[in-house]
Student: 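What follows is a single structure, and I will ask about it in a moment.
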Number of protein chains: 2
Amino acid sequence: MEKIENSIWMNCSSSSVRRASRQLGQLYGDAMGLTDLRGTQFTLLTQIRYLDEPTQKMLAQAMVMDLSALGHTLKPLIRDGLVELAPDEKDRRAKRVRLTPEGLARQTELVGQWQEAQRRFDAVLGAEKSAELRRTLAFVASEEFAKAYAAAGKKGD
Amino acid sequence: MEKIENSIWMNCSSSSVRRASRQLGQLYGDAMGLTDLRGTQFTLLTQIRYLDEPTQKMLAQAMVMDLSALGHTLKPLIRDGLVELAPDEKDRRAKRVRLTPEGLARQTELVGQWQEAQRRFDAVLGAEKSAELRRTLAFVASEEFAKAYAAAGKKGD
DNA sequence: GGAATTTAATGGTATATGCCACTATATTTG
DNA sequence: CAAATATAGTGGCATATACCATTAAATTCC
């Protein structure tokens, strides 16, 4: 009986990921230090920078995030002048997301702190396992995975 | 330049975990199906059941969650009569968390759906990798990890 | 070309989660 | 034992994230 419960809680991939997510949210968040930017916000700025003026839709996909959730998350950053939206030239439904000079500066500023957090993470888990973990998680987060997961249910559920 | 950004975003363990967390939140959430319970809530009920009347503090630690965050998360469940709080006998500061009969019933009801989700997950990732992933994530979520991470920073940061 | 359908974004509502300040108890200390 | 300190919870506020309904613009189909 107890064993059954135990097996559920230790074997739930979703809650395992969530717990780790909260832990790392803390650890990496602390690394951001003094600045008033959250870890999630740094990630978002970095992703925007990397994609170079993506539409909200594109950005949401890259973040594996709901479009409306992304919109909400962007608001504080827009309010604080780190990010701005501009209508797309071709498709007037779409809006492009880009960093303001301020936003770019802040992102750049924090890269060092991020690196330190990542260095520690790798030190604790080991570079090998660390890289392996990210590979696995990237797959889990992929559309390919979602498709395969859906296909795996075509029988019973 | 672009390569630098790329390396940040692909190598950030924190954002990797978060992305996977969002994906699995979706997938496992869908599995809960018709019921109005979220995946996170099922996890919480399961954890409460497993720990058998933990204090909020104990539950928060098990969930790797902030105490006040836990308190907030419990509110809808208490409101809906699935969970209740009772003051601890010995320590009047503490409150014990327990499932109501209704809560126990709902948790039990959903175990099958959870299993199906987990079955699919294992099918896609492979039982081996799946178990390995959970082991790694459990370590990352542990206090031991947090301590080691802190220790790894005693030099530079 | 105009109606039906699809797509991008927005706003509302609800849960998820964290930090801080504050209260009520307990525990430790002088 | 009383004062100082530590611990468990609570409530407020802010961000994170999802779903739904709605709007506006594009695309598809007679």
Side-chain angles (χ1 to χ4, degrees), chain A residues 14-15 17-30 32 34 36-45 54-61 63-80 82-83 85-97, chain B residues 14-15 17-30 32-45 54-61 63-80 82-83 85-97:
Chain A
S14 183
S15 60
V17 172
R18 265 184 120 72
R19 265 184 278 265
S21 173
R22 286 189 287 259
Q23 173 93 278
L24 293 184
Q26 290 295 329
L27 270 22
Y28 279 69
D30 292 348
M32 294 296 94
L34 320 143
D36 48 1
L37 275 188
R38 311 290 189 81
T40 48
Q41 298 180 316
F42 172 67
T43 300
L44 204 44
L45 294 185
T55 63
Q56 290 190 52
K57 174 77 179 185
M58 291 159 58
L59 184 54
Q61 269 178 329
M63 296 288 293
V64 190
M65 192 181 285
D66 179 83
L67 175 60
S68 79
L70 173 67
H72 292 142
T73 302
L74 246 21
K75 268 174 197 161
L77 295 171
I78 293 171
R79 180 199 59 204
D80 297 342
L82 304 183
V83 165
L85 300 180
D88 185 275
E89 295 292 300
K90 308 296 178 60
D91 187 338
R92 285 189 303 175
R93 288 170 304 180
K95 298 214 184 138
R96 299 264 165 193
V97 186
Chain B
S14 183
S15 58
V17 172
R18 264 184 120 72
R19 264 184 279 264
S21 173
R22 286 188 288 257
Q23 173 93 282
L24 294 183
Q26 291 297 331
L27 270 22
Y28 278 69
D30 292 347
M32 294 296 94
L34 319 145
T35 70
D36 46 3
L37 277 187
R38 312 287 189 82
T40 47
Q41 298 181 316
F42 172 67
T43 300
L44 204 43
L45 295 185
T55 63
Q56 290 192 51
K57 176 75 180 188
M58 290 159 59
L59 184 53
Q61 269 177 329
M63 297 287 294
V64 191
M65 192 182 284
D66 179 82
L67 174 59
S68 79
L70 173 68
H72 294 144
T73 301
L74 285 177
K75 269 175 196 161
L77 295 171
I78 293 172
R79 181 198 58 202
D80 298 342
L82 304 183
V83 164
L85 300 181
D88 185 275
E89 295 292 300
K90 309 295 178 58
D91 187 338
R92 287 189 302 177
R93 286 170 305 181
K95 296 211 185 143
R96 298 266 167 191
V97 186

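Proteins get letters first, then strands, A, B, ... in listed order; numbering begins at 1 in each.
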Student: Go through dG9(D), dA16(D), dG11(D) for me and flag the one nearest to the Lys57(B) side chain.
Tutor: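 Between dG9(D), dA16(D), dG11(D), the one nearest the side chain of Lys57(B) would be dG9(D).
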
Student: Expressed in angstrom and rounded to an integer, what is the separation of Asp36(B) atom CG from dA16(C) atom C1'?
Tutor: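 Distance, rounded to whole Å: 17 Å.
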
Student: Tell me whether Arg19(B) contacts the main-chain N or O of Val64(A) through its side chain, where contact means a donor paired with an acceptor under 3.5 Å.
Tutor: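 No; judged by distance alone, with no hydrogens or angles, the pair does not exist.
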
Student: Roughly, in whole Å, what's the span from CG in Leu70(A) to P in dA9(C)?
Tutor: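 After rounding, the gap between these two atoms is 9 Å.
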
Student: Do Arg93(A) side-chain and dT7(C) base share a donor-acceptor contact under 3.5 Å?
Tutor: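 Pair found.
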
Student: Please compare Thr73(B) and Arg96(A) by the position of their nearest nucleotide in DNA chain C and report the one closer to 5'.
Tutor: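 It is Arg96(A) whose nearest nucleotide is closer to the 5' end.
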
Student: Hey, does Ser68(B) reach any base, or is it just sugar-phosphate, or nothing, if we go heavy atoms under 4.0 Å?
Tutor: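 Base, at least one base heavy atom under 4.0 Å.
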
Student: Starting at atom NZ of Lys90(A), determine the distance to atom C1' of dA8(C), rounded to an integer number of angstrom.
Tutor: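 After rounding, the reported distance stands at 17 Å.
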
Student: Nearest whole angstrom, please: distance from the C1' of dA16(C) to the CZ of Arg38(B).
Tutor: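 Taking CZ of Arg38(B) and C1' of dA16(C), I get 9 Å after rounding.
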
Student: Checking all strands, does Asp66(A) fall into the base, sugar-phosphate, or nothing category for heavy-atom contacts under 4.0 angstrom?
Tutor: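 Touches a base.
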
Student: Side chains of Gln56(B) and Leu85(B): does their closest heavy-atom pair fall under 4.5 Å?
Tutor: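 Side-chain contact under 4.5 Å: yes.
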
Student: I need the CD1-P distance between Ile78(A) and dT15(D), as an integer number of Å.
Tutor: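 In whole Å, dT15(D) P lies 13 Å from Ile78(A) CD1.
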
Student: For dT17(D) and Arg22(B) - does any side-chain N or O of the residue sit under 4.0 Å from the phosphate oxygens OP1/OP2?
Tutor: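 Result: yes.
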
Student: Could you tell me the separation between the CE atom of Met65(A) and the C1' atom of dT15(D), rounded to a whole number of Å?
Tutor: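 Atom CE in Met65(A) sits about 11 Å away from atom C1' in dT15(D).
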
Student: Between Asp88(A) and Lys90(A), does any NZ, NE, NH1 or NH2 come within less than 4.0 Å of an OD or OE carboxylate oxygen?
Tutor: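 No, no charged N to carboxylate O under 4.0 Å.
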
Student: Name the residue closer to the 5' end of DNA chain D, choosing between Leu67(B) and Gln23(B) according to the nucleotide with the nearest heavy atom.
Tutor: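 Nearest nucleotide further toward 5': that of Leu67(B).
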
Student: Expressed in angstrom and rounded to an integer, what is the separation of Asp30(A) atom CG from dG18(C) atom P?
Tutor: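 After rounding, the gap between these two atoms is 12 Å.
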
Student: So, Asp66(B) side chain and Ser68(B) main chain: donor-acceptor pair closer than 3.5 Å or not?
Tutor: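 Indeed, once roles are kept as given, a pair shorter than 3.5 Å links the two residues.
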
Student: Which comes earlier along DNA chain C counting from the 5' end, the contact point of Asp91(A) or that of Lys75(A), where each point is its nearest nucleotide?
Tutor: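 The residue whose closest nucleotide sits nearer the 5' end is Asp91(A).
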
Student: Find the distance Met32(A):CE to dA16(D):P and express it as a whole number of Å.
Tutor: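 Interatomic distance, CE of Met32(A) to P of dA16(D): 13 Å.
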
Student: Can Met63(A) and Thr43(A) be said to form a side-chain contact (heavy atoms from CB on, under 4.5 Å), step by step?
Tutor: CA-CA 9 Å; Met63(A) 296 288 293; Thr43(A) 300; 4.1 Å; yes

Student: When you match Gln26(B) and His72(B) each to their closest nucleotide on DNA chain D, which lands nearer the 5' end?
Tutor: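 By nearest-heavy-atom nucleotide position, the 5'-most residue is His72(B).
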
Student: Does OP1 or OP2 of dA24(D) have a side-chain N or O of Arg92(A) closer than 4.0 Å?
Tutor: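 No, no such contact exists.
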
Student: Decide yes or no for Thr40(B) and Thr73(B): does some side-chain heavy atom of the first lie under 4.5 Å from some side-chain heavy atom of the second?
Tutor: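 A side-chain contact under 4.5 Å is absent here.
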
Student: Does dT10(D) have OP1 or OP2 under 4.0 Å away from a side-chain N or O of Lys95(B)?
Tutor: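 Yes, within the criterion.
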
Student: Kindly point out which of dT10(C), dA16(D), dT10(D) is positioned nearest to the side chain of Thr40(A)?
Tutor: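 Shortest atom-to-atom distance from the side chain points to dA16(D).
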
Student: For a quick check of understanding: with a heavy-atom distance under 4.0 Å over all strands, which category does Arg18(B) fall into, base, sugar-phosphate or nothing?
Tutor: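 Sugar-phosphate contact only - Arg18(B) comes under 4.0 Å of backbone atoms but never of a base.
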
Student: Have a look at Arg79(B) and say if it touches a base, only the backbone sugar-phosphate, or nothing, with a 4.0 Å heavy-atom cut-off.
Tutor: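 Sugar-phosphate contact only.
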
